[in-house]
Protein chains: 2
Amino acid sequence: MIKHSEAKVRKPRYVRLAQQLAEAIRKGTYGLGECLPPEVELCRIHGVSRHTVREALRQLDEMGLISRRRREGTTIRARSSRRRYTASISTMADLFQYVRKPRYRILSERLVSAGAKTAALLGCKRSERWLKFEACRYHAGVAEPISFTEFYVRPAYGDVGASLRKRNPLIYSFIERHVDERVIEIRQKVRATAVPPEAARLLRVKPLSPGLYVSRRFLVHGNRVIAGSVSIYPENRFEISLDWRVEWARD
Amino acid sequence: MIKHSEAKVRKPRYVRLAQQLAEAIRKGTYGLGECLPPEVELCRIHGVSRHTVREALRQLDEMGLISRRRREGTTIRARSSRRRYTASISTMADLFQYVRKPRYRILSERLVSAGAKTAALLGCKRSERWLKFEACRYHAGVAEPISFTEFYVRPAYGDVGASLRKRNPLIYSFIERHVDERVIEIRQKVRATAVPPEAARLLRVKPLSPGLYVSRRFLVHGNRVIAGSVSIYPENRFEISLDWRVEWARD
DNA sequence: AAGTGGTCTAGACCACCGA
DNA sequence: CGGTGGTCTAGACCACTTA
């Protein structure tokens with residue numbers, strides 16, 4: 001069996017120290033709730049400078065294994081940790097990732113009653129009434145739309161109509177405005193699709209050519225859906241980019 | 001040095017320095033993609049030791065404002081760090097969202113030198129050497145593959161070969177194994193694509209039919225790419241699902 | 001060869017707080 | 001007061017990568 005090839009890579013002293021300490025904690029050498037030796041003592045024990053010890057402790061801290069307080073010492077908080085990855089976005093605009101002043105063109109606005117597909121999208125019952133918008137999004141100065149979107153919102157939130165009709169508005173501007181108080185979750189699905197003929201005409205691509213299908217549900221407290229959308233993005237006009245960063249979670 | 005002992009509520013020097021730098025970045029004094037001055041230069045400018053500078057930079061790094069690389073310098077990656085929505089996954093398997101015992105079939109394994117496309121995918125220079133795998137993924141009992149994947153890994157991590165060849169392995173099992181110490185970030189891009197003829201044959205779909213194109217980079221500490229992949233998912237075989245939850249600001 | 005961030009040492013004083 | 005972690009200085013060498 002092939003051996004690991006990391007023998008040649010010598011890890012920094014503080015990393016090795018952190019691993020040693022984590023292992024000791026895992027094995028119970030230092031028990032939950034107890035304290036690690038003081039930093040200066042760890043220096044003496046392991047024969048390193050305090051900076052190195054603190055760097056190692058910082059790693060354990062980030063992993064959630066220990067917590068440190070002046071005077072009180074370094075307390076064991078958990079015996080092991082595992083990683084999870086987190087992706088963050090800072091604004092709704094990031095979620096939709098529109099660069100360079102996108103423009104909207106609202107194509108239609110009407111009250112509809114949900115059919116099977118819409119009900120599935122919104123997680124509602126059939127024949128429920130929703131306000132439906134159809135829109136295309138553009139980059140300024142580019143004739144071809146970036147996307148075609150069907151947007152549904154509960155009639156109770158129908159003030160969206162007013163905000164949508166104003167000066168090339170962001171379709172989600174009303175959600176942006178309500179987001180701090182209302183929308184607590186967005187559920188998004190992405191899959192490949194063949195662009196339907198009607199959308200293809202608007203998007204100026206060949207019918208059934210490749211496209212991105214993105215559906216979103218906007219939920220408020222209590223898992224109530226207040227809005228939902230389906231967007232179609234043709235090939236080469238849009239890309240979803242996501243950075244996952246590691247985050248430590250205690251067991 | 002009996003310097004700054006006047007005010008009692010005074011924040012640590014490195015915190016103030018971090019705030020100064022964050023403000024400068026926000027205002028555009030240092031633009032996106034540009035570099036901050038070298039650490040020693042920052043020491044001179046602000047009249048502090050390198051340790052203090054590094055502590056400040058570490059804060060900016062944690063906020064996601066900068067990234068640092070030997071020789072290359074400290075580059076600005078974002079202008080502000082407000083995060084509102086977060087999507088979490090707990091394991092790599094969640095990222096790849098494979099339900100019900102997926103199976104792998106490795107089609108090829110060879111050492112390649114990066115061409116333009118591969119270099120772009122991996123963020124490396126052309127003609128760098130990488131270990132390349134081609135594979136298809138299946139649901140048990142289903143003849144049609146879920147996806148076709150090209151997977152690249154640095155030869156130094158080549159023990160992946162052994163783990164891949166074993167009993168229908170998860171292609172990323174080696175990353176799972178190394179994850180605790182190594183992979184701290186995954187950058188993912190998703191877009192629509194027409195399935196290329198070769199992939200189409202393997203996937204048993206018509207050439208140029210709609211597909212999902214997903215590229216991923218796996219980064220370790222220091223923003224080094226240790227692996228990357230491109231996967232093609234035909235229509236109706238796969239869906240990426242993401243839940244964004246609001247995260248209350250902790251300013 | 002030069003210059004970057006990464007690591008590490010040795011030592012200092014400070015802020016906090018229970019004994 | 002003593003002893004903890006928190007902050008900071010001054011300086012050193014290393015690893016890496018582009019020119």
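The figures that follow rest on heavy atoms only: side chains count, while hydrogens, waters and symmetry mates do not. The chains referred to below are lettered A, B, ... by the order of the sequence lines, with proteins before strands, and numbering in each begins at 1.
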Next on the checklist: Main chain of A:A56, side chain of A:Q59: is a donor-acceptor contact present, judged purely on distance under 3.5 Å?
Outcome noted: no
Item to check | B:R154 (side chain) donor-acceptor with B:V225 (main chain) under 3.5 angstrom | outcome: yes
Checklist entry - From B:T74 OG1 over to B:R69 CZ, what is the distance, rounded to the nearest 0.5 angstrom? => result 12.5 Å
Checklist entry - Taking atom P of D:dG5 as reference, at what distance in whole Å does atom CZ of A:R70 sit? => result 11 Å
Checklist entry - B:E72 CD to D:dA15 C1': how many Å, rounded? => result 15 Å
Next on the checklist: From CG of B:L36 over to P of C:dG3, roughly how many Å is that when rounded to an integer?
Outcome noted: 19 Å
Checklist entry - Reckon A:R69 touches a base, only the sugar-phosphate, or nothing at all at heavy-atom distances under 4.0 Å? => result sugar-phosphate
Next on the checklist: If I take atom CZ from residue B:F148 and atom CG from residue B:L203, how far apart are they, to the nearest 0.5 angstrom?
Outcome noted: 7.5 Å
Checklist entry - Which whole-number value in Å describes the distance from A:L42 CG to D:dG3 C1'? => result 15 Å
Next on the checklist: With a 4.0 Å cutoff (strictly under), does any side-chain N or O of A:R71 reach OP1 or OP2 of C:dA15?
Outcome noted: no
Checklist outcome for this item: A:R54 atom CZ is separated from C:dG11 atom P, nearest whole Å, by 18 Å
Item to check | Spacing of A:E39 atom CD and A:R50 atom CZ [to the nearest 0.5 Å] | outcome: 4.5 Å
Checklist entry - If only side-chain N and O atoms of B:K125 are considered, is one of them under 4.0 Å from the OP1 or OP2 phosphate oxygen of D:dT17? => result no
Checklist outcome for this item: From CG of B:L57 across to C1' of C:dG5 the rounded distance in Å is 10 Å
Checklist entry - Is the charged tip of A:R191 near the ring of B:F238: under 6.0 Å from the six-membered ring centre and within 45° of its axis? => result no
Item to check | A:I146 side, atom CD1; A:N236 side, atom CG - distance, nearest 0.5 Å | outcome: 13.5 Å
Item to check | Separation of atom CZ in A:R58 from atom P in C:dG6, rounded to whole Å | outcome: 13 Å
With the criterion being N/O to N/O and under 3.5 Å, what pairs connect the protein with nucleotides 8-10 of chain C, and how long is each?
{"unit_1": "C:dC8", "atom_1": "OP1", "unit_2": "A:R13", "atom_2": "N", "d": "2.3"}
{"unit_1": "C:dC8", "atom_1": "OP2", "unit_2": "A:R13", "atom_2": "N", "d": "3.3"}
{"unit_1": "C:dC8", "atom_1": "OP2", "unit_2": "A:Y14", "atom_2": "N", "d": "3.1"}
{"unit_1": "C:dT9", "atom_1": "OP2", "unit_2": "A:S49", "atom_2": "N", "d": "2.8"}
{"unit_1": "C:dT9", "atom_1": "OP2", "unit_2": "A:S49", "atom_2": "OG", "d": "2.8"}
{"unit_1": "C:dT9", "atom_1": "OP2", "unit_2": "A:T52", "atom_2": "OG1", "d": "2.5"}

Next on the checklist: Between P on C:dT4 and CD1 on B:I66, what's the gap in Å once rounded to a whole number?
Outcome noted: 15 Å
Checklist entry - Once you round to the nearest 0.5 Å, how far does OG1 of B:T149 lie from CG of B:L202? => result 11.0 Å
Item to check | Angle by which the axis turns from one end of the helix from C:dA1-D:dT18 to C:dG18-D:dC1 to the other, five pairs per end, to 10 degrees | outcome: 0°
Checklist entry - Counting only heavy atoms not in A:K189, do more than 12 fall under 6.0 Å of its NZ? => result no
